[in-house]
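Reviewing the structure listed below.
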Amino acid sequence: MTHPQDPKSHLIALFQHAAGQFAKAEHLIIDLERPKQASHGDFACNVAMQLAKALKRNPREVAQAIVASLPASEWVEKTEIAGPGFINVFLKASAWQNVALQALAAGEQFGRGTLGQGKKIQIEFVSANPTGPLHVGHGRGAAFGASLANVLTHAGYQVQREYYVNDAGRQMDILALSTWLRYLALGNQFVPFPANAYQGDYVGAMADSIYALHGERYLRPAAEVSADAPDAAGDPEGHLDALIANAKRLLGADYAYVHGHALEEQLGDGRNDLTEFGVIFDTWFSEKTLHESGLIDKAVKQLQQHDHIYEQNGALWFRSTAFGDEKDRVVLRENGIYTYFAADIAYHLNKFERGFDRVIDVWGADHHGYIARVKGALTAAGADADRLTVALVQFAVLYRNGVKASMSTRSGQYVTLRDLRAEVGNDAARFFYVLRKSDQHLDFDLDLAKSQSNDNPVYYIQYAHARICSVLSAWGGVEADLADVDTSRLQHPQELTLLRRLAEFPETVDAAARDLAPHSIAYYLKDLAAELHGLYATCQFLVDDEELKLARLSLIAATRLVLQVGLGLLGVSAPERMSREEATTNEAGA
RNA sequence: GCCCCCGUAGCUCAGUGGAUAGAGCAUCCCCCUCCUAAGGGGAGGGUCACACGUUCGAUUCGUGUCGGGGGCACCA
């Protein structure tokens, strides 16, 4: 046997060897469970039951044979055959005692998984239209995407974080028009402001800044702005489109300035907001460049060559029904403008061409009907659609005093991400956002997130970290000395429980990466914090027995490390000091 | 009509093809002379929505039913 690294992989190797008498290694899947009950040992193996049927033998008999040929191991205390044919393995304390020192030796690299194996993966998230402030729905996508990207990185992937900027569509034109109309009003050119234009105060603020910078340069007569526009009440969308067309004609080359100003302002605002939230992107991919570089033409031609495009009613349609979609989809409209879908096909083909082994899109759940057609188009164009995974993020609903805090985009009264962060803080916001599986509805309890109490799981975990810092600080020794202590003194059940939990961290990271489920990191940290608090209440760390003291300190130093790394994956801070007094003061001061 | 998500303790939710299904909150009872009580220990509380299948074994997988939420544009 090779030198044991961690107990689980060690045991898997032992079982693989022992079960080899019944099946070839490549057909053996050794599954080691951590039993819920201590009386079932450290690990339970069900391989005997799996094999029993093919062998037509009694599972307990098979288990006997496997146990008999298990190679000797200094870590194994005893094995038992239990129930229908489980092999329960009880480990000696020495199997776990290494864990703390291994963690300290690895430092921030502890738990660095092997799942990714350096593969290139791209995760695209948020990608909100830059037409206004980010709201709480975007916040969930941001927190989920950023945490997932961290988890994937820790699991050994080479990760690129990308934001797709919708800077080419009609929505941006509407924002530019809205801004311009507000600007015109500043110059006493009053055009009735359409109800379906952007209403928010930020639009007026942008108009103010344009007026302050450039005075009346972009003023045009109000009468000409609404010339020949259909009635706003009868055809609101046609009315808006006519105003946009007029704006482009009247402003000429200056239209690009207004459009660009609005885009830069809103994109910059979103970027600042996300940066403050700890959400950083490596690349900002512009939709406009897809149009300008001809990639959309190219993508549609590619589909045409494979005979997946037909013309009907003056538009070009992609035959997505041939790929499992429920109806065919337009790519080029009757008016000669590509649909968003066409741009998305080109965008995804481009992602694949950039050499990612895997691509993850984080979308709002309202886009779920979109998956079939995008994947269909990729397949139709000859790409491997299985390399694309779409993670859907359900909406978050805010609750205040047990009542739904409603959110309405139309009235401009929606809750912004910035408001939420100001109200509950970045840490609580990041943590609560990823506390649920992404594809499940999230009830965000504002009062709980704000509460500076033990009800709040964020504080519970952070407090475990602060407590450890406090002990190490009271000790006053050199922490580097803890990397080389005699850990055989760690015998207490609470100590072993904590050691076992630390050993689980690497596989927790890998599982979270595999399932695209950063929430499992949050639950792991809650368990880890609980066990630290349990130990804290049971054992004194700063005892007179020097060896025992150092052993215990190395254990909690390792725990602190895992808390830091784990909280870091979720984008939550790990404060060194916390006190209720400060919290109360803060609350009073706020 | 079609598609997606959900149904687990009073509430909010984890969880797993395995052996007696967990946590927090809420309720009740204990624990600071001691490294931070934002902590710890204990008690009560369950037909894992229902039915049928697959399986040695189903809360977990499949089908159906019921109930809740969301989505189905030549919008982006």
Side-chain angles (χ1 to χ4, degrees), chain A residues 31 33 35-37 39-40 44 46 49-50 52-53 58-59 82-86 88 127-129 131 166 168-172 174 237 287 312-317 325-327 329-335 337-344 364-372 392 394-395 397 399 402 435-443 445 448 451-464 466-475 519-520 522-523 526-527 529-530 532-543 549 552-553 556 577-584:
Chain A
D31 190 21
E33 301 267 324
K36 290 160 198 153
Q37 289 174 67
S39 63
H40 293 146
N46 63 6
M49 290 181 285
Q50 308 280 8
K53 190 176 188 189
N58 181 320
F86 291 103
N88 293 334
S127 298
N129 278 337
T131 52
N166 300 124
R170 180 169 176 265
Q171 295 305 317
M172 266 313 299
I174 297 173
E237 298 306 319
E287 181 191 358
Q312 188 183 312
N313 303 332
L316 287 187
W317 296 69
D325 200 2
E326 52 193 26
K327 58 172 286 202
R329 308 290 172 175
V330 171
V331 288
L332 185 66
R333 277 177 262 174
E334 197 180 354
N335 62 12
I337 297 173
Y338 282 118
T339 57
Y340 182 90
F341 176 45
D344 241 351
D366 53 332
H367 286 64
H368 95 264
Y370 210 73
I371 300 173
L392 293 179
Q394 288 285 349
F395 296 117
V397 181
Y399 284 84
L435 202 48
R436 299 275 168 272
K437 277 181 286 209
S438 61
D439 60 359
Q440 276 178 28
H441 297 268
L442 169 67
D443 290 337
D445 185 337
L448 180 58
S451 75
Q452 312 254 356
S453 76
N454 50 351
D455 304 357
N456 192 327
V458 188
Y459 290 109
Y460 183 79
I461 297 167
Q462 290 181 323
Y463 182 49
R467 269 185 147 176
I468 296 170
C469 291
S470 172
V471 174
L472 291 173
S473 154
W475 167 55
H519 77 280
S520 52
Y523 281 93
K526 277 164 84 169
D527 289 340
L532 184 277
H533 289 309
L535 178 65
Y536 191 98
T538 316
C539 296
Q540 184 86 10
F541 302 116
L542 300 175
V543 290
K549 178 173 80 180
R552 284 184 173 164
L553 290 176
I556 64 170
R577 257 196 304 269
M578 291 170 78
S579 74
R580 184 166 241 169
E581 289 69 35
E582 275 176 41
T584 314

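Naming convention: chains lettered A, B, ... in sequence-line order (proteins, then strands); numbering from 1 in each chain.
Base-pair partner of B:G7: B:C66 (Watson-Crick or G-U wobble, both distances under 3.5 Å). Within the shown strands, B:G18 is the pairing partner of B:C56 under the Watson-Crick or G-U definition, both distances less than 3.5 Å. As the counterpart of B:C48, no nucleotide is assigned, since no Watson-Crick or G-U wobble pattern has both distances under 3.5 Å. Of all nucleotides present, none satisfies the Watson-Crick or G-U wobble test against B:U33 with each distance under 3.5 Å. In this entry B:C72 has B:G1 as its Watson-Crick or G-U wobble partner, both defining distances falling under 3.5 Å. Shown here, B:A23 forms a base pair with B:U12; the pair counts as Watson-Crick or G-U wobble because both key distances fall under 3.5 Å.
When the P atom is compared between B:U33 and B:G7, the two are found 46 Å apart, to the nearest whole Å. Nucleotides B:C35 and B:A43 place their P atoms 28 Å apart, quoted to the nearest Å. Nucleotides B:C75 and B:U12 are separated by 36 Å at their C1' atoms, to the nearest Å. Look at the P atom in both B:G68 and B:U8: the space between them is 14 Å, to the nearest Å. The separation of B:G45 from B:A26, taken at their C1' atoms, amounts to 11 Å, rounded to a whole angstrom. Nucleotides B:G15 and B:C6 have their P atoms positioned 11 Å apart, rounded to a whole Å. Distance noted for atom C1' between B:G70 and B:A14: 23 Å (whole Å). Spacing of P atoms, B:G17 relative to B:A58, comes out at 14 Å, to the nearest Å.
Residue order along RNA chain B, read from the 5' end via each residue's closest nucleotide, puts A:Gly83 first among A:Phe395 and A:Gly83.
If you take CG of A:Leu535 and P of B:A37, they are 14 Å apart, rounded to a whole angstrom. Summarising the geometry, the separation between OH on A:Tyr399 and P on B:U12 is reported as 9 Å, rounded to the nearest angstrom. Between A:Asp443 atom CG and B:G69 atom C1' there is a gap of 10 Å when expressed in whole angstrom units. Here B:C13 presents its P atom at 19 Å from CG of A:Asp527, a figure rounded to the nearest Å.
Using a 4.0 Å heavy-atom distance criterion, A:Phe86 is classed as a base contact. Looking at heavy-atom distances under 4.0 Å, A:Cys469 makes no contact with the nucleic acid at all. Using a 4.0 Å heavy-atom cutoff across all strands shown, A:Ala372 reaches no nucleic acid atom at all. Among the protein residues, A:Ala464 comes within range of no part of the nucleic acid, since none of its heavy atoms lies under 4.0 Å from any strand. Here A:Gln462 lies out of heavy-atom contact (under 4.0 Å) with every strand. Across all strands shown, A:Asp31 has no heavy atoms under 4.0 Å from either base or sugar-phosphate atoms. Nucleic acid contact for A:Ala365: none, since no nucleic acid atom lies under 4.0 Å from a heavy atom of the residue.
In this structure, the separation between CG on A:Leu535 and CD1 on A:Ile556 is 8.0 Å, given to the nearest 0.5 Å. From A:Asp445, atom CG reaches atom CG of A:Leu435 across 11.5 Å, with rounding to the nearest 0.5 Å.
Contact between the side-chain N/O atoms of A:Lys36 and the OP1/OP2 oxygens of B:G22 is not found at any separation under 4.0 Å. Residue A:Lys526 places no side-chain N or O under 4.0 Å from the OP1 or OP2 atom of B:A23.
For A:Ala44, the side-chain atoms get nearest to B:A19 when compared with the rest of B:A19, B:A38, B:C35. Closest contact between the side chain of A:Leu542 and the listed nucleotides B:C56, B:G40, B:C35 involves B:C35. Among the nucleotides B:C35, B:A19, B:G40, the one closest to the side chain of A:Pro35 is B:A19.
For the ring-ring contact (aromatic ring centres under 6.0 Å, His included) test, residues two or more places apart in sequence or in another chain that qualify with A:Tyr536 are A:Phe541. Looking at residues two or more places apart in sequence or on another chain, you find a ring-ring contact (aromatic ring centres under 6.0 Å, His included) between A:His533 and A:Tyr460, A:Tyr463. For A:Glu237, the salt bridge (Lys or Arg N to Asp or Glu O under 4.0 Å) partners at least two apart in sequence or on another chain are A:Arg170. Listed by chain and residue number, nothing satisfies the salt bridge (Lys or Arg N to Asp or Glu O under 4.0 Å) test with A:Arg436 (two or more places apart in sequence, or in another chain).
Side-chain atoms of A:His40 and A:Phe86, non-hydrogen and from C-beta on, never get closer than 4.5 Å to each other. Between A:Glu33 and A:Asp31 the shortest side-chain heavy-atom distance falls below 4.5 Å. Side-chain contact between A:Leu448 and A:Tyr399: absent, with no pair of heavy atoms (C-beta onward) separated by less than 4.5 Å. Within the 4.5 Å cutoff, side-chain heavy atoms of A:Leu553 are placed close to those of A:Leu542. A:Asn166 places none of its side-chain heavy atoms less than 4.5 Å from the side chain of A:Met172.
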Can you pull every protein N or O that's under 3.5 Å from an N or O on nucleotides 73-76 of chain B?
{"from": "B:C74", "atom 1": "OP2", "to": "A:Lys327", "atom 2": "NZ", "distance (Å)": "3.3"}
{"from": "B:C74", "atom 1": "O2", "to": "A:Glu334", "atom 2": "N", "distance (Å)": "2.9"}
{"from": "B:C74", "atom 1": "N4", "to": "A:Asn313", "atom 2": "O", "distance (Å)": "3.3"}
{"from": "B:C75", "atom 1": "OP2", "to": "A:Arg333", "atom 2": "NE", "distance (Å)": "3.4"}
{"from": "B:C75", "atom 1": "OP2", "to": "A:Arg333", "atom 2": "NH1", "distance (Å)": "2.7"}
{"from": "B:A76", "atom 1": "OP1", "to": "A:Arg333", "atom 2": "NH2", "distance (Å)": "2.5"}
{"from": "B:A76", "atom 1": "OP2", "to": "A:Tyr340", "atom 2": "N", "distance (Å)": "3.4"}
{"from": "B:A76", "atom 1": "O2'", "to": "A:Asn129", "atom 2": "OD1", "distance (Å)": "3.0"}
{"from": "B:A76", "atom 1": "O2'", "to": "A:Asn129", "atom 2": "ND2", "distance (Å)": "2.7"}
{"from": "B:A76", "atom 1": "N1", "to": "A:His367", "atom 2": "NE2", "distance (Å)": "3.0"}

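Anti is the glycosidic conformation of B:C56, whose angle departs from 0 by more than 90°.
Summarising the geometry of A:Asn88 relative to A:Ala82, their closest heavy-atom pair is ND2-CB, 3.5 Å, with the distance given to 0.1 Å.
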Given protein heavy atoms under 4.0 Å, the one-letter contact record of nucleotides 1-6 of chain B, with B base, S sugar-phosphate only and - none, is simply -SBSSS
